[in-house]
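These notes are about the structure you will find just below.
Just so it is clear: chains get the letters A, B, ... in the order the sequence lines come, proteins before strands, and each one is counted from 1. Quick note: numbers below take in every heavy atom, side chains included, and nothing from hydrogens, waters or symmetry partners.
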Amino acid sequence: MSANGHPRTHRLLTAGDFRSVFDQVEAKAAFPQCLLLARRSQTGQARLGFIISKKNVRTAVGRNRIKRIAREVFRLNYDTLPPIDIILLGRKGLDGLSNEELHKTFAKQFRKVSRRWLKEQEGSVEKSES
RNA sequence: UGAGUCGGCCAGGCAAUCGCUGCUUCGUAAGAAGGAGAGGAAAGUCCGGGCUCCACAGGGCAGGGUGCCAGAUAACGUCUGGGCGGCGAAAGCCGACGGAAAGUGCAGCAGAAAGGAAACCGCCGUCCGCAAGGGCGGUAAGGGUGAAAAGGUGCGGUAAGAGCGCACCGCAGUCCUGGUAACAGGGCUGGCGAUGGUAAACCCCACCCGGAGCAAGGCCAAAUAGGGUCCCAUUAGGCGUGGCCCGCGCUGGGACCGGGUAGGCUGCUUGACCUUGAGGGUGACCUCAAGGCUAGACGAAUGAUUGCCCAAGACAGAACCCGGCUUACCGGCCGGCUCACACU
RNA sequence: UGGGCCGUCGCCAAGUGGUAAGGCAACGGGUUUUGAUCCCGUCAUUCGCAGGUUCGAAUCCUGCCGGCCCAG
């Protein structure tokens, strides 16, 4: 497997995977068009899942475009990410962004959420030690 | 050339890098290579069919659909050809286009009267009266109301009128001719107080329709889940707690058998298929021959970035598969036909 | 994927062939010293949109648009 691939082991697959993240959110990152939730992955690898409703992004083409770009960004930045499961929740107006804007914001938000998660982990370790 | 009209087609291209999903080949494997990878609407889910399971002797009722005729088709509410009606100068376009003498119902307001009826203003005759006017009778041409008032126009006729008579048109009946038929054309008869409108009102007539859907259905199949049969234990033993005993809590062990949840596999793409040619048919379409294989995912693949070119890229993403309909859509190309103008 | 329901004033709604009830809100006026209450008045011509049937359509028919719910 090449280092830059995006195989199925890097995705959230079943309803159980999604539930585990929702039940215990360890880090969040938000901006007006979108919300990211994250928690430690059980597989030891970073994984990505999407929830984009028909209500927020009208056409199937629009939803596909967002998922493709997010995956692309995830794939290219895979090496920098800690082993966490990330859920990307789409909000209204997400389809209003251009490809270039999506690239920029997704890259930024992935960095943000992983940074926050690492901080959270340090904090919880300290707490448990003390 | 312009205007109109009808039909068909295209839906950015190329290159580099990094990716995604099947398939084939190689490889023990990791993986590598090759080749393939959304649409004309993939959409809405409005019809029709295949496929699968369930139900079913046959027939009928109920309910729903279709509705000029003939054909095409697996089938259709689709398509083709024809008829009739409407629009248009024409090409052409549009039409739920069966039945109102089988029955029931409905029609506000206006109007005399809204259906087996009737006479408000009138017109005419006659009687009474000096007159104004009134009584009785005839009439339905004119006025008025209405969406709609029981043939239309003209001439004759009459007291005034009226299919009362005649001509033409319309209507009804009947016969003939053409046509598979819808229907068209013609002759004769009736004189038209018969038969008004509405069936996307109930209804009648003809024809059609069993129900559910690929999350259908089939196969495999975890668990401290749970059923059955047999064998072995029987108040012992086992398991948990604990270092051990007591105590406390829980009850068997083994084999086999089907059912089946999570989950997985399958159904899943070779088909009413596509291309070319020949033949039949006005046409929709059909037949034959040769060649071809053209997405098959399952949180769901066909993308991203950069560069170049141009006519500057719309609407939009397969989810079992087909045939239609409808809706969305930047722009471009080709062809048929009609009309107008100009030239030869 | 399949099935069902609903769109009528700013909000809740009745009306199912004869010209759109009612309540709340809003606005104007009256009563009151003022306010609340109460009384009177005003408020729908795109009845989700577009066609059609009919003399006449919110109502009947057809096609769209939007919203909601259910099954697995």
Given that A:T59 and A:G49 both sit by RNA chain B, which one's nearest nucleotide is further toward the 5' end?
A:G49
Judged by each residue's nearest nucleotide on RNA chain B, which is more toward the 5′ side, A:K67 or A:H103?
A:K67
In whole Å, what separates the [atom1] atom of [N] from that of [M]?
| N | M | atom1 | result |
| --- | --- | --- | --- |
| B:C192 | B:G138 | C1' | 23 Å |
| B:G193 | B:G163 | C1' | 12 Å |
| B:C164 | B:A140 | P | 8 Å |
| B:G332 | B:C288 | C1' | 40 Å |
| B:U344 | B:A328 | C1' | 49 Å |

Which nucleotide, if any, forms a Watson-Crick or G-U wobble pair with [N], using both distances under 3.5 Å?
| N | result |
| --- | --- |
| C:U37 | none |
| B:A149 | none |
| B:G307 | B:C14 |
| B:C205 | B:G67 |
| B:A90 | none |
| B:G144 | none |
| B:G27 | none |
| B:G4 | B:C337 |

Where the chi angle of [N] falls, syn if within 90° of 0 and anti if not:
| N | result |
| --- | --- |
| B:U276 | anti |
| B:A212 | anti |
| B:A75 | anti |
| B:U104 | anti |
| B:G40 | syn |

Looking at [options], which one has an atom nearest to any side-chain atom of [X]?
| X | options | result |
| --- | --- | --- |
| A:N64 | B:G299, B:G317, B:G303 | B:G317 |
| A:I69 | B:G299, B:A318, B:A304 | B:A304 |
| A:R75 | B:A304, B:G317, B:C18 | B:C18 |

Rounded off to whole Å, could you give me the [atom1]-to-[atom2] distance for the [X] and [N] pair?
| X | N | atom1 | atom2 | value |
| --- | --- | --- | --- | --- |
| A:I66 | B:G317 | CD1 | P | 13 Å |
| A:D79 | B:G19 | CG | C1' | 14 Å |
| A:E72 | B:U306 | CD | P | 12 Å |
| A:L89 | B:G299 | CG | C1' | 13 Å |
| A:N77 | B:U305 | CG | C1' | 14 Å |
| A:I52 | B:G317 | CD1 | P | 14 Å |
| A:L102 | B:G303 | CG | P | 16 Å |
| A:L76 | B:U306 | CG | P | 13 Å |

Lys/Arg-Asp/Glu bridge criterion (N-O < 4.0 Å) met for A:E72, A:R75:
yes
Counting only pairs under 3.5 Å, give me each side-chain donor-acceptor contact of residues 81-90 of chain A, with atom names and distances, residues two or more places apart or in other chains.
{"from": "A:D85", "atom 1": "OD1", "to": "A:S41", "atom 2": "OG", "distance (Å)": "3.2"}
{"from": "A:D85", "atom 1": "OD1", "to": "A:R47", "atom 2": "NE", "distance (Å)": "3.0"}
{"from": "A:D85", "atom 1": "OD2", "to": "A:R47", "atom 2": "NH2", "distance (Å)": "3.1"}

Answer whether the closest heavy-atom distance between the side chains of A:I69 and A:F74 falls below 4.5 Å.
no
With a 3.5 Å distance limit and no angle check, can you tell me whether A:E122 reaches the backbone of A:K119 through a side-chain donor-acceptor pair?
no
Going 5' to 3' along RNA chain C, between which two nucleotides do contacts with chain A fall, using a heavy-atom cut-off of 4.0 Å?
C:G66 to C:C68
First locate atom CD of A:E101, then atom CD of A:Q33, and finally report the distance between them rounded to the nearest 0.5 Å.
8.5 Å
How many angstroms lie between atom CD of A:E100 and atom NZ of A:K104, to the nearest 0.5 angstrom?
5.0 Å
For nucleotides 327-329 of chain B, tabulate all protein N/O to nucleotide N/O atom pairs closer than 3.5 Å, reporting atom names and distance.
none

Do the side-chain N or O atoms of A:N99 get closer than 4.0 angstrom to the phosphate oxygens (OP1, OP2) of B:A304?
yes
Give a yes/no answer on whether the side chain of A:R68 brings an N or O atom under 4.0 Å of OP1 or OP2 in B:U302.
yes
Is there a donor in the side chain of A:R111 and an acceptor in the side chain of A:N77, or the other way round, less than 3.5 Å apart?
no
Report yes if a donor N or O on one partner sits less than 3.5 Å from an acceptor N or O on the other, where the partners are the side chain of A:R71 and the base of B:G299; otherwise report no.
no
